[in-house]
Amino acid sequence: MSHFRFIHCADLHLGCTPARIEERFYDFFLSFSHLVDYAIEHKASYIVISGDFFHLKVINPKTLSETVKILDRIKQAGIKVFVIEGNHDKAFYVDEESWLVHLHNRGYIFLLSHSIVEGKIELNPYKESGAIYEDENVRIIGVGYLGASTEKYLKDIKKMIKKKDKFTILMLHAAINRLCGQDMGDVTKDLIDCFKKNVDYIALGHIHNRYEYDDFCYNPGALENIRLHDAYRKGVKGFYVVEVEDMKKQVTY
């Protein structure tokens, strides 16, 4: 039976420069670099990043350069990086493609993404692109930010995911009972419960402080404080380390 380890993080917001302080710009990359150090030292097989990889939809050359430096290290270590688009990552309509597509095309990340065709969501198997990646150890299903339509489309997605004899991770940039009435990707616990038969781990992003639901859904929080009020809020942020053996998981923070 399989044994592997993965890192789950979210809301890196690379390129963020709070209060336009240059040192703070590099803090975000330093935090991500520390995560990568841990992943390499502990021989993680995968890094799962659940949205808001970048802070801005349009990034500058310095942000791209610092990002590629870190991704080069991950690539050389043979660790696979899976990313979904968060609300900060999604391209402007006129641009069509986000900067994550560029990193995907250069072989730095696996960008997992759904399709919407005639109002219906589609989850295609990953080839050169797609939403469902599989190897001998794991099945990873990535769904990008859906905003106000999150609950609607997840009702369809739960019918598409069938039970499989592989550890299954569902990546979502969404919140559970956290953003009610704000049309920003909120999901009810009742709907999430419907995934328990066919999914082993829901890797969340979107909320900047850590929270968990029923040893099933995990939101690690951001690696850095994005706004001043983030620093004043109680709670922790960071990343999860998940050890999987014989389909059983052990999650540490």
Side-chain angles (χ1 to χ4, degrees), residues 2 4 6 8 10 46 48-52 80 82-87 89-90 98 100-101 104 110-207 211-220 240 242 244 246-249 251:
S2 63
F4 62 93
F6 71 91
H8 167 208
Y46 316 101
V48 172
I49 305 174
S50 295
D52 284 357
K80 295 177 180 177
F82 296 88
V83 184
I84 58 172
E85 288 184 343
N87 51 303
D89 300 307
K90 292 178 73 68
S98 74
L100 293 178
V101 175
H104 170 86
F110 293 84
L111 177 60
L112 301 183
S113 57
H114 62 274
S115 302
I116 305 292
V117 179
E118 296 181 353
K120 295 183 178 180
I121 194 164
E122 294 184 355
L123 303 180
N124 297 313
Y126 181 89
K127 293 179 182 178
E128 293 183 356
S129 62
I132 306 173
Y133 171 91
E134 292 190 54
D135 63 18
E136 66 277 6
N137 294 321
V138 69
R139 175 175 59 166
I140 304 176
I141 303 168
V143 179
Y145 180 66
L146 293 167
S149 301
T150 301
E151 184 106 352
K152 169 183 177 287
Y153 285 126
L154 280 181
K155 289 177 181 177
D156 295 327
I157 289 170
K158 69 180 175 65
K159 301 172 187 174
M160 300 176 188
I161 302 175
K162 307 301 181 184
K163 184 68 177 176
K164 202 155 195 177
D165 191 23
K166 286 183 181 178
F167 191 85
T168 296
I169 302 167
L170 175 61
M171 299 172 65
L172 297 174
H173 195 74
I176 301 175
N177 287 3
R178 296 268 168 157
L179 299 169
C180 297
Q182 296 185 44
D183 291 337
M184 289 184 62
D186 201 60
V187 185
T188 64
K189 290 180 179 179
D190 288 344
L191 178 55
I192 286 296
D193 286 339
C194 296
F195 287 89
K196 287 182 176 178
K197 290 182 180 179
N198 302 325
V199 173
D200 300 291
Y201 184 104
I202 294 186
L204 295 172
H206 199 25
I207 302 299
Y211 73 91
E212 298 159 8
Y213 171 60
D214 207 19
D215 194 26
F216 179 53
C217 297
Y218 299 84
N219 186 92
Y240 291 104
V242 186
V244 179
D246 298 343
M247 295 291 288
K248 296 180 180 178
K249 67 180 184 292
V251 183

Kindly say whether Thr168 contributes a backbone atom to a donor-acceptor pair with the side chain of Asp200 at under 3.5 angstrom? yes

Are Asn219 and Tyr240 linked by a side-chain donor-acceptor pair shorter than 3.5 Å? no

Specify the closest pair of heavy atoms between Phe216 and Ile192, including all atoms of both residues, with the distance to one decimal. CE2-O, 3.6 Å

Is there a donor-acceptor pair closer than 3.5 Å between any side-chain N or O of Ser50 and the backbone N or O of His173? no

Do the side chains of Asp186 and Thr150 get nearer than 4.5 Å, heavy atoms only? no

Would you call Lys166-Glu136 a salt bridge at under 4.0 Å N-O? no

Near-ring test Phe6/Tyr201, centroid separation under 6.0 angstrom: yes

In sequence, state the C-alpha distance, the side-chain angles, and the governing distance for His206 and Tyr145, and then conclude on ring-ring contact (aromatic ring centres under 6.0 Å, His included). CA-CA 9 Å; His206 199 25; Tyr145 180 66; 5.5 Å; yes

Can you list the steps and then say if Met171 with Val143 is a side-chain contact (heavy atoms from CB on, under 4.5 Å)? CA-CA 6 Å; Met171 299 172 65; Val143 179; over 6 Å; no

To the nearest 0.5 Å, tell me how far Glu85 CD sits from Leu112 CG. 11.0 Å

Sub-4.5 Å side-chain heavy-atom contact between Ser113 and Ile84: no

Which value, rounded to the nearest 0.5 Å, describes the distance between Ile202 atom CD1 and His8 atom NE2? 10.5 Å

Backbone of Leu111 reached by a side-chain donor or acceptor of His104 within 3.5 Å: yes

So Phe4 and Val244, do their side chains get closer than 4.5 Å, heavy atoms only? yes

Establish, from distance only, whether the side-chain atoms of Tyr211 and Asn177 form a donor-acceptor pair under 3.5 Å. no

Heavy-atom pair of closest approach, residues Leu204 and Ala174: CD2-O, 3.8 Å

Under 3.5 Å, is there a donor-acceptor pair between the Thr188 and Glu151 side chains? yes

Do Lys197 and Phe195 come close enough that some side-chain heavy atom pair is under 4.5 Å? no

Looking at every non-hydrogen atom in both residues, tell me the closest pair between Leu146 and His114 and how far apart they are. CD2-NE2, 3.4 Å

Give, for atom CG of Asp156 and atom NZ of Lys159, the distance between the pair rounded to the nearest 0.5 Å. 5.5 Å

Could you tell me which non-hydrogen atom of Ile49 sits nearest to which non-hydrogen atom of Ala10, and how far apart they are? CG2-CA, 4.5 Å

Testing the basics here: between Lys189 and Ile176, what is the closest heavy-atom pair and its distance to 0.1 Å? CG-CG2, 3.5 Å

Find out whether Arg139 and Ile141 are in side-chain contact, i.e. whether some heavy atom of one side chain is under 4.5 Å from a heavy atom of the other. yes

Can any side-chain N or O of Lys249 pair as donor or acceptor with the backbone N or O of Asp215 at less than 3.5 Å? yes

Distance check, rounded to the nearest 0.5 Å: Asp89 atom CG versus Asp52 atom CG? 5.5 Å

Are any side-chain N or O atoms of Asn198 and backbone N or O atoms of Ile161, one a donor and one an acceptor, separated by less than 3.5 Å? yes

Answer with yes or no whether the side chains of Lys120 and Tyr153 bring together a donor and an acceptor at under 3.5 Å. no

Considering only heavy atoms from C-beta outward, does the side chain of Ile121 approach that of Ile157 to under 4.5 Å? yes

